[in-house]
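Read the structure below first, then the notes.
The basis for the numbers below is simple: all heavy atoms, side chains too, and nothing from hydrogens, waters or symmetry mates. Along the sequence shown, residues are numbered consecutively beginning with 1.
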Amino acid sequence: LGVSISTVQADVAAETGRPCGPRFAEAVETRLLARYETELRPIPGAPELLERLRAARLPLAVATGSSVNRMGRTLALSGLEAAFDGHTYSADLVANGKPAPDIFLLAAARLGQPPEHCLVVEDSPHGVRGARAAGMRAEGFIGGSHLDGMRAQHAEVLREAGAERVLGAVEDLLGVPGLRG
């Protein structure tokens with residue numbers, strides 16, 4: 001959760017004691033994207049929240065550990081692509097993926113915002129650590145369906161990683177200082 005495929009490959013290799021095959025990344029992404037075609041849905045309330053933030057003229061970006069291909073497909077399938085005005089950044093674009101701050105610093109720079117003015121909403125402890133390392137505020141988020149059955153446990157993981165708060169639903173984001181638009 002929240003790391004690049006190269007990090008996943010390194011973790012699998014360390015766990016199994018042998019390197020992943022040359023098509024590992026492609027196979028994982030192909031399987032994920034096939035599931036996304038039928039199962040991916042926006043988190044309830046997310047499109048409306050993004051529209052409110054855009055109307056308030058708050059700069060928005062995606063900074064993901066996913067590949068450019070996976071990020072693009074995810075945003076297109078969820079219908080959220082336009083909300084970010086092309087400010088979508090993948091781990092493919094930086095030297096070091098999460099938990100390094102690189103992807104967050106890239107997004108802030110492209111938005112023309114100093115890191116200390118940025119708020120990151122993250123479902124990954126790697127992302128929380130990366131945001132904090134970038135000098136940004138980090139809020140944890142456990143409202144995605146991929147966390148069904150493990151929300152309480154994952155909330156603690158996000159707190160331990162440095163999340164200021166852990167939010168359970170999109171509506172909870174409306175009370176976050178800096179997002180009241």
Side-chain angles (χ1 to χ4, degrees), residues 1-8 25 29 32-33 36 40 42-43 45-144 146-147 154 157-159 161-167 170 172-181:
L1 184 65
V3 296
S4 67
I5 193 67
S6 61
T7 300
V8 171
E29 190 157 283
L32 275 174
L33 292 177
Y36 288 177
L40 186 69
I43 295 169
E48 295 81 8
L49 174 66
L50 290 170
E51 189 51 44
R52 282 183 70 173
L53 298 174
R54 284 173 48 97
R57 300 196 189 290
L58 290 171
L60 303 173
V62 171
T64 180
S66 296
S67 69
V68 169
N69 181 47
R70 183 170 151 203
M71 173 184 61
R73 195 70 196 125
T74 300
L75 289 170
L77 287 169
S78 66
L80 301 177
E81 194 171 33
F84 299 99
D85 291 326
H87 288 287
T88 55
Y89 308 100
S90 159
D92 290 350
L93 304 175
V94 294
N96 302 296
K98 299 174 186 179
D102 302 23
I103 191 71
F104 298 111
L105 294 171
L106 173 66
R110 297 269 176 93
L111 287 170
Q113 299 295 315
E116 63 272 14
H117 291 174
C118 296
L119 169 68
V120 174
V121 178
E122 261 292 345
D123 64 355
S124 156
H126 306 291
V128 169
R129 286 187 196 97
R132 303 292 294 179
M136 299 175 181
R137 292 177 47 215
E139 300 279 343
F141 184 73
I142 56 169
H146 62 294
L147 295 173
H154 197 68
V157 168
L158 294 174
R159 282 187 198 92
E164 291 180 23
R165 279 180 285 237
V166 177
L167 310 168
V170 168
D172 297 338
L173 290 165
L174 295 174
V176 172
L179 288 185
R180 294 183 187 119

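Between L158 and V166, the shortest heavy-atom contact is CB-CG2, 4.0 Å. When all heavy atoms of A134 and F104 are compared, the pair lying nearest together is CB-CB, 4.0 Å. For the residue pair V68 and D92, the shortest heavy atom distance occurs at N-OD2, 2.9 Å. Taking all atoms of both residues into account, the shortest heavy-atom contact from H146 to D123 is NE2-OD2, 2.8 Å. For the residue pair V128 and A161, the shortest heavy atom distance occurs at CG1-O, 3.5 Å. Across all their heavy atoms, G97 and A91 have their closest contact at CA-CB, 4.5 Å.
Partners of A109 under the side-chain contact (heavy atoms from CB on, under 4.5 Å) rule, at least two apart in sequence or in another chain, do not exist in this structure. Take E29 and apply the salt bridge (charged side-chain N to carboxylate O under 4.0 Å, His left out) test, not counting sequence neighbours, and it matches no residue. With sequence neighbours excluded, no residue satisfies salt bridge (charged side-chain N to carboxylate O under 4.0 Å, His left out) with R110. Taking R70 as the reference, nothing meets the salt bridge (charged side-chain N to carboxylate O under 4.0 Å, His left out) condition, with sequence neighbours excluded. Considering only residues two or more places apart in sequence or on other chains, R54 meets the side-chain contact (heavy atoms from CB on, under 4.5 Å) condition with E51, L60, A83, D85. Contacts of L167 classified as side-chain contact (heavy atoms from CB on, under 4.5 Å), with partners at least two apart in sequence or in another chain: E139, F141, R165, D172, L173, V176. Residues that satisfy the side-chain hydrogen bond (donor to acceptor under 3.5 Å, both in side chains) test with S78, not counting sequence neighbours, are absent from this structure. The salt bridge (charged side-chain N to carboxylate O under 4.0 Å, His left out) search around R73 returns E37, not counting sequence neighbours. Under the rule for a side-chain hydrogen bond (donor to acceptor under 3.5 Å, both in side chains), S90 has no partner lying at least two apart in sequence or in another chain. Partners of A100 by side-chain contact (heavy atoms from CB on, under 4.5 Å), not counting sequence neighbours, listed by chain and number: N96, D102.
Put simply, CG on L49 and CD1 on I43 are 10.5 Å apart, with the number rounded to the nearest 0.5 Å.
By the 4.0 Å N-to-carboxylate-O rule, E122 lies too far from R129 to be salt-bridged with it.
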Using residues 111-120 as the side-chain source, report each donor-acceptor pair under 3.5 Å to any protein atom, sequence neighbours left out, with the distance given to one decimal.
none

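Residues Y89 and M71 are not in side-chain contact: their nearest non-hydrogen atoms beyond the backbone lie 4.5 Å or more apart.
Each of T74, L75, T88 was checked for a side-chain contact (heavy atoms from CB on, under 4.5 Å) with E81, and the lone residue meeting it is L75.
In this structure, K98 contributes its side chain and I103 its backbone to no donor-acceptor pair below 3.5 Å.
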